[in-house]
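Worksheet: one structure, shown below.
Keep in mind the model is a prediction, meaning the values are calculated, not measured.
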Amino acid sequence: INSVAIESADLEKGGSGFTLKIQLVSQDPLPAATVPMVDESVVSDTAATKMDIVKTRTRTREASPSAVDTLYVEGYRLYREGRIVEGLDKLAAAVQQDAGHKKARLTLATCLIEQGRRDTAYSLLREGLKLQPEQTELARLLAQAMFDEGKPDAARDVLSASLPGVTEDPDYHALYAAVLQRLKQHKEAAVTYRDILKLHPENSVWWMGLAISLEAMSRPEDALIAYRNALNGQSLTPDTHQYINQRIHILSRQLPHDPT
């Protein structure tokens, strides 16, 4: 599974309170061109047999990047350079030649979303999930795009259909919790946040997400504890830090005693 990180965490105010919205970003780098394996002893030893040379050449060919990888890397390079159409064409060609090339499909879908071509990106990701249902990264990107577009119901359906184990992909569950929270399914969201915080208790964004759902469930004492835990972690923006301090101040004044 590719590593991911939280790129941003924003609060959205609705009719019944606040909702935590997180943005995940893949940290998986582009594949570097594979260096051919060369047995130096074969090159330097004049007594090397022809069979050794044949084996060395075979290993070199197998280690060379595939044509699909070349299309993928070149397509992404062109796209980043601003040659959008050329880049998208090469990425599409990579997917067409190898439908199971996950990185090419993810990159092409991401670029299409950036270009506002969401329907095409959604179709591309759904097609990939039909071919490889176990590829949760495809489901995560699809659900994140739907969530950002204001379609939390659709995002929930996508995420729940490919839900991995909590220990396998806690960031996937973090997105799932944020979607559940947007849908006001606060009990389910709180349980999900609790489960992933057992794995990463230092994550301030998740503590804040738990606090928001607990507060919505009329559990101010537990929410106050969660908000305070959020201040002890990392990944908070100044605005988010200010919001947490405000909630702590308000809840502290409402409670007859300090739950700490």
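Under the side chain to side chain donor-acceptor pair (under 3.5 Å) criterion, the residue pairs touching residues 207-217 are Gln181-Ser213, His186-Ser213, Glu215-Tyr227, Glu215-Arg247, with sequence neighbours excluded.
In terms of modelled atom types and a separation under 3.5 Å, the side chain of His173 and the main chain of Thr167 share no donor-acceptor contact. Although no hydrogens or angles enter the test, the distance criterion places no donor-acceptor pair under 3.5 Å between the side chain of Arg228 and the main chain of Ile248. Using a distance-only test at 3.5 Å, with no hydrogens or angles considered, no donor-acceptor pair links the side chain of Tyr193 to the main chain of Met208.
Residues Tyr122 and Arg118 bring a donor and an acceptor atom of their side chains to less than 3.5 Å of each other. In this model, a donor atom of one side chain and an acceptor atom of the other lie less than 3.5 Å apart for Asn245 and His241.
With sequence neighbours left out, Glu188 forms a salt bridge (Lys or Arg N to Asp or Glu O under 4.0 Å) with no residue at all. Listed by chain and number, the residues in a salt bridge (Lys or Arg N to Asp or Glu O under 4.0 Å) with Glu114 amount to none (sequence neighbours excluded). With sequence neighbours excluded, no residue forms a salt bridge (Lys or Arg N to Asp or Glu O under 4.0 Å) with Arg80. Taking the side-chain hydrogen bond (donor to acceptor under 3.5 Å, both in side chains) definition, one finds that Gln115 meets it with Tyr79, sequence neighbours left out. Considering only residues two or more places apart in sequence or on other chains, Asp153 meets the salt bridge (Lys or Arg N to Asp or Glu O under 4.0 Å) condition with Arg156.
Taken from CD in Glu81 to CD1 in Ile84, the straight-line distance is 10.5 Å, to the nearest 0.5 Å.
Smallest separation of non-hydrogen atoms from Ala139 and Val158: O-CG1, 3.5 Å. When all heavy atoms are compared, the tightest approach of Ala155 to Phe147 is CB-N, 4.1 Å. The two residues Ala189 and Ala177 make their nearest non-hydrogen contact at CB-O, 3.6 Å. When every heavy atom of Asp195 is checked against every heavy atom of Val166, the shortest pair comes out as O-CG1, 4.1 Å. The heavy-atom pair separating Leu175 from Ala143 by the smallest distance is CD2-CB, 4.3 Å.
For CZ of Arg117, the number of neighbouring non-hydrogen atoms (other residues, nucleotides, ligands) closer than 6.0 Å is 12 at most.
By the 4.0 Å N-to-carboxylate-O rule, Glu127 lies too far from Lys130 to be salt-bridged with it. Under 4.0 Å is where a charged nitrogen must lie from a carboxylate oxygen, and between Asp169 and Arg140 at least one such pair does.
Looking only at side-chain heavy atoms (C-beta outward), Val179 and Leu183 come within less than 4.5 Å of each other.
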